[in-house]
Protein chains: 2
Amino acid sequence: MKESLSFLTHYLKKEGKKNSGKRNLIINSFLTDDRHYSVEELYQKVKRQNPKISLSTVYRTLKLLANCGLAHERRFDERNIRFEPVHQEEHHDHLVCLKCGRIFEFTNQKIEKLQDEVAKRYKFNVVRHKLEIYGYCPRCQK
Amino acid sequence: MKESLSFLTHYLKKEGKKNSGKRNLIINSFLTDDRHYSVEELYQKVKRQNPKISLSTVYRTLKLLANCGLAHERRFDERNIRFEPVHQEEHHDHLVCLKCGRIFEFTNQKIEKLQDEVAKRYKFNVVRHKLEIYGYCPRCQK
DNA sequence: GTATATGCAAACTGTTTGCTTTGTT
DNA sequence: AACAAAGCAAACAGTTTGCATATAC
């Protein structure tokens with residue numbers, strides 16, 4: 001988080017961009033929560049702190065983070081995009097709760113390896129992969 | 001394919017639905033090609049055989065197939081939905097070529113098993129999962 | 001003062017729906 | 001004749017963009 005912020009500062013300066021209170025608020029909210037926010041969700045949240053923030057600004061800010069590598073755009077089984085804060089560059093996968101919508105991350109080296117084997121069998125040159133497990137989280141199982 | 005068609009016939013009768021040449025054309029085209037069609041792609045194709053077919057009809061037809069279980073809606077890393085013919089009820093995953101867009105299916109029991117283990121560790125009640133490997137297919141590697 | 005950030009409304013893409021007309025039974 | 005299918009245009013959701021204004025430097 002702290003590193004992300006200083007990285008961003010340098011990035012903005014390098015690109016000749018300016019600072020902005022609203023953008024900072026959005027970015028802070030996004031990075032500290034460490035969730036997989038949809039744009040609308042994050043918008044609803046930051047609006048409570050500053051009602052003058054517009055949806056476009058949230059969009060533009062998240063796109064900015066994605067462009068400089070501090071966020072990843074993800075598309076789960078939904079129509080909308082979610083943004084995930086990037087901390088370290090380690091690949092991970094997701095468990096998605098179908099009831100509460102919470103998203104859990106996990107890593108599994110064995111699965112990674114097996115995926116690479118599959119790709120090799122098909123002579124595929126792998127760029128990335130994505131594994132999502134959909135179900136009900138412990139809290140939502142009743 | 002043949003079984004799918006007779007299943008459909010019964011389904012339509014049971015639901016009090018009627019027949020239609022356009023719908024049959026769309027369904028035939030979809031089932032015989034056995035591809036992961038986007039609606040627009042299938043629309044472009046069937047339009048060549050019958051230019052009077054409208055986009056809505058393609059949408060409605062594919063939704064019909066999805067509702068009676070003969071097609072699955074899939075969302076890859078795109079904004080649009082793709083439909084995949086369902087033959088047997090076996091779960092499989094996908095390799096997606098980032099250049100030509102072709103989609104290859106594969107199954108891997110070991111990966112399935114490892115996914116279930118992960119889910120168990122998180123006390124997740126699994127409904128479905130989805131694994132996609134993105135990269136370049138043999139033909140597109142240059 | 002100049003360039004960027006923002007708000008707002010309008011455009012845009014993929015999808016769905018309402019209503020009228022066409023087609024099947 | 002009655003009711004489903006299809007065409008068309010309009011509505012819709014999520015996202016992007018153009019332009020005028022506000023803000024940072």
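These figures come from a predicted structure and were not determined experimentally. Each chain gets a letter, A, B and so on, in the order the sequences are listed, and its residues count up from 1.
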- Message: With hydrogens left out and only the distance checked, is there a donor-acceptor pair under 3.5 Å joining Lys18(A)'s side chain and the base of dA24(D)?
- Response: yes
- Test salt bridge (Lys or Arg N to Asp or Glu O under 4.0 Å) on Arg121(A) and Asp116(A) and set out the steps. CA-CA 9 Å; Arg121(A) 203 176 319 136; Asp116(A) 289 339; over 6 Å; no
- Item | Candidate pair Arg82(B) and Glu73(B), rule salt bridge (Lys or Arg N to Asp or Glu O under 4.0 Å), full reasoning | CA-CA 6 Å; Arg82(B) 289 182 178 272; Glu73(B) 288 191 17; over 6 Å; no
- Query: What nucleotide among dT15(D), dT15(C), dT16(C) has an atom nearest to a side-chain atom of Lys63(B)?
  - Reply: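 Output: dT16(C).
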- Query: dA5(C), dA4(D), dG14(D): which one has an atom nearest the side-chain heavy atoms of Tyr59(A)?
  - Reply: dG14(D)
Under 4.0 Å, heavy atoms only, any strand: does [X] hit a base, just the sugar-phosphate, or nothing?
X	result
Gly16(B)	sugar-phosphate
Thr57(B)	sugar-phosphate
Arg23(A)	sugar-phosphate

- Task: Please determine if a side-chain N or O atom of Asn19(B) lies less than 4.0 Å away from the OP1 or OP2 oxygen of dT25(C).
- Result: yes
- Task: Verify the ring-centre separation between Phe106(A) and His94(A): is it less than 6.0 angstrom?
- Result: no
- Task: Could you tell me if the ring centre of Phe124(A) sits under 6.0 Å from that of Phe104(B)?
- Result: yes
- Quick one: on DNA chain D, does Ser56(A) or Arg79(A) contact a more 5' nucleotide (nearest heavy atom)?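 Whichever sits nearer the 5' end wins; that is Arg79(A).
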